[in-house]
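Side chains included, hydrogens not; waters and symmetry mates left out as well; all remaining heavy atoms used. None of these values were measured; they are calculated from a predicted model.
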There are 2 protein chains.
Amino acid sequence: MEDKYAGLKLGNQLCFPLYACSREIVKKYKPYLDELDLTYTQYITMLVLWEHGQINVKELGECLYLDSGTLTPLLKKLETKGWVTRQRAKEDERVLIVTLTEKGKKLRDQAAEVPAKMSCCVKLTPEESRTLYTLLYKMLGDA
Amino acid sequence: MEDKYAGLKLGNQLCFPLYACSREIVKKYKPYLDELDLTYTQYITMLVLWEHGQINVKELGECLYLDSGTLTPLLKKLETKGWVTRQRAKEDERVLIVTLTEKGKKLRDQAAEVPAKMSCCVKLTPEESRTLYTLLYKMLGDA
DNA sequence: TAAAACAAAATTGCACGCAATACAATTGCC
DNA sequence: GGCAATTGTATTGCGTGCAATTTTGTTTTA
């Protein structure tokens, strides 16, 4: 006798632990990011900027899977805090270029400790972490 | 020569693909859930109710890793739509019991097709899905 | 038993996410 | 050149998430 509702059980969902895990981990970042006056979304935005120094909103959105509705107000906050500047590209006025300031670059040194602190919170073996990483990017790649 | 900032690369974060994947999958649910007039969070709430019929806010929050700040307004919306009722427990007036209505129970039949529709979107093999599921719950368990 | 401690929801305030829309600049096409 | 289609951001509105606080009800304890 099949349960026609089996697919609707919370325990049979793949999406739910993904959703719950994501929020739980972000929550664990909070105390460390609070020290830097960064939210999680602002943090991953800064990660991109620390790597690239300069990037426009469209490319940033592609990196982070976020759109201008999320990024525009967020980038204005980062600008207010003095970590980035926002200016239009001369060759195409539609494009907004986000650039790290000196102050923003310095923040990187404080942030450098965050990943090590976080790694203690994740109770997976290095191999499990790699497997998880690979599977997640496989899903994302097909998204 | 080590890169002291290697840990800060977006590509070296385990959290980021988790966060991005979660949002991408929820986005894929949207067209199917729109047909049912449900958001994703409302959907997983209904999953719990379809399984249990009745549950209080605290227990619901433990199931979903959500607190009353999120659940209270959400449950009021489900009540407005006529899918659940909200009433205080007689033995302890602090406890609010959420109960499925007949209309709410009927919604389950429409929702029954959602998991099958979604499974087409996930490009992982059954084995990969199981591995991912196990790893995510391992992380959640230690959370 | 009255006050203190505790517990469950609700409220408040802030920061996303994201769909939908608006707007301005650029490109393509005739 | 001129106009339509396209592109890149910004804006708006709604629904979360969550920390912090408040409210209401219950239990513990002096």
K.L.:
With a 4.0 Å cut-off, would you call A:E51 and B:K9 a salt bridge?
P.N.:
no
K.L.:
Expressed as a whole number of angstroms, how long is the span from B:L74:CG to D:dC18:P?
P.N.:
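The distance from CG of B:L74 to P of D:dC18 comes to 13 Å, rounded to the nearest Å.
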K.L.:
Given 3.5 Å as the limit, does a donor-acceptor pair link the side chain of A:Q13 with the main chain of A:G7, or not?
P.N.:
yes
K.L.:
Transitively linked via ILVMFWY side-chain contacts under 4.5 Å: B:L74 with B:V95?
P.N.:
no
K.L.:
Over 60° means perpendicular and under 30° means parallel, so classify the ring planes of B:W50 and B:Y43, tilted if in between.
P.N.:
perpendicular
K.L.:
With axes from five pairs an end, tell me the bend angle of the helix from C:dT1-D:dA30 to C:dC30-D:dG1, nearest 10°.
P.N.:
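Both end axes considered, the difference amounts to 10°.
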K.L.:
Give a yes/no on whether any side-chain N or O of A:T72 is located under 4.0 angstrom from OP1 or OP2 of D:dA10.
P.N.:
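So the side-chain polar atoms of A:T72 do come within 4.0 Å of the phosphate oxygens OP1 or OP2 of D:dA10, strictly under.
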K.L.:
What's the closest nucleotide to the B:L66 side chain, out of C:dA9, C:dA19, D:dC18?
P.N.:
D:dC18
K.L.:
When you measure only distances, ignoring hydrogens and angles, does the side chain of B:S68 come within 3.5 Å of the base of C:dA8 through a donor and an acceptor?
P.N.:
no
K.L.:
Whole angstroms only, please: what is the CD1-C1' distance between B:I97 and C:dA9?
P.N.:
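Answer to the nearest Å: 13 Å.
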K.L.:
Can you tell which of D:dA19, D:dG15, D:dT9 lies closest to the side chain of B:T39?
P.N.:
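Among D:dA19, D:dG15, D:dT9, the one nearest the side chain of B:T39 is D:dG15.
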K.L.:
Between A:G69 and A:K27, name the one whose nearest nucleotide on DNA chain D is closer to the 5' end.
P.N.:
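Upstream on the strand: A:G69.
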K.L.:
In terms of hydrophobic clusters joined by side-chain contacts under 4.5 Å, are A:V57 and A:V48 together?
P.N.:
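Yes, A:V57 and A:V48 fall within the same hydrophobic cluster.
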K.L.:
Check the phosphate of D:dC14 against B:K77, side-chain N and O only, distance under 4.0 Å to OP1 or OP2. Yes or no?
P.N.:
no
K.L.:
Give me the distances for all protein-to-nucleotides 22-24 of chain D N/O pairs that come in under 3.5 Å?
P.N.:
none

K.L.:
Using the rule given for salt bridge (charged side-chain N to carboxylate O under 4.0 Å, His left out), can you reason through B:K106 versus B:E102, listing the C-alpha separation, both sets of side-chain angles and the distance that settles it, and then say yes or no?
P.N.:
CA-CA 6 Å; B:K106 281 179 191 151; B:E102 281 308 311; 5.7 Å; no
K.L.:
Is the phosphate of C:dA8 approached by B:R86 (side-chain N or O, under 4.0 Å from OP1 or OP2)?
P.N.:
no
K.L.:
Parallel under 30°, tilted from 30 to 60°, perpendicular over 60°: which one fits the rings of B:Y65 and A:F16?
P.N.:
tilted
K.L.:
Closest-nucleotide mapping onto DNA chain C: is A:Y40 or A:E91 further toward the 5' terminus? I mean the 5' end.
P.N.:
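Mapping each residue to its closest nucleotide by heavy atoms, the 5'-most match is A:Y40.
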K.L.:
Measuring to OP1 and OP2 of C:dT11, would you say a side-chain N or O of B:K76 lies under 4.0 angstrom away?
P.N.:
yes
K.L.:
Provide the closest heavy-atom pair for A:Q42 versus A:K77 in the form atom of the first, atom of the second, distance.
P.N.:
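In terms of heavy atoms, the two residues are closest at NE2-CD, 4.0 Å.
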K.L.:
Expressed as a whole number of angstroms, how long is the span from A:L38:CG to C:dA15:P?
P.N.:
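Taking CG of A:L38 and P of C:dA15, I get 13 Å after rounding.
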K.L.:
With a cut-off of less than 4.0 Å, is there a side-chain N or O of A:R88 near OP1 or OP2 of D:dA10?
P.N.:
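For A:R88, the contact criterion (side-chain N or O under 4.0 Å from OP1 or OP2 of D:dA10) is met.
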K.L.:
Please determine whether a side-chain nitrogen or oxygen atom of A:K30 lies at a distance below 4.0 Å from atom OP1 or OP2 of D:dC18.
P.N.:
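No, outside the criterion.
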K.L.:
Let's see if you get this right: which residues in residues 41-59 of chain B place a heavy atom under 4.0 Å from DNA chain C?
P.N.:
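The answer is B:N56, B:V57, B:K58.
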K.L.:
Nearest-Å distance, CG (B:L60) to P (C:dA8)?
P.N.:
14 Å
K.L.:
Strictly below 4.0 Å, N to O, side chains only: are B:R86 and B:E79 in salt-bridge contact?
P.N.:
yes
K.L.:
Using a heavy-atom cut-off of under 4.0 Å over every strand shown, decide if A:D92 touches base, sugar-phosphate, or nothing.
P.N.:
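Sugar-phosphate: the residue A:D92, judged by heavy atoms under 4.0 Å, touches backbone atoms but no base.
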K.L.:
How do B:L71 and B:Y19 order along DNA chain C: which one's closest nucleotide is nearer the 5' end?
P.N.:
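With B:L71 and B:Y19 compared, the 5'-side residue is B:L71.
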K.L.:
Using the ring of each side chain (for Trp, its six-membered ring), is A:Y40 parallel, tilted or perpendicular to B:Y19, with breaks at 30° and 60°?
P.N.:
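Taking B:Y19 first and then A:Y40, their aromatic rings stand perpendicular (interplane angle over 60°).
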K.L.:
Is it the case that over 12 heavy atoms from other parts of the model lie below 6.0 angstrom from the CD atom of B:Q87?
P.N.:
yes
K.L.:
Categorize B:T70 for me: base, sugar-phosphate, or nothing, with a 4.0 angstrom heavy-atom threshold over every strand shown.
P.N.:
base
K.L.:
Considering all heavy atoms of both residues, which atom of B:L8 and which atom of A:L47 are nearest to each other, and what is their separation?
P.N.:
O-CD2, 2.9 Å
K.L.:
Expressed as a whole number of angstroms, how long is the span from A:L64:CG to C:dC16:P?
P.N.:
12 Å
K.L.:
Would you call B:K28 and B:E24 a salt bridge, taking side-chain N to carboxylate O under 4.0 Å as the test?
P.N.:
no
K.L.:
For A:L75 and D:dT9, what is the distance between atoms CG and C1' respectively, to the nearest whole Å?
P.N.:
11 Å
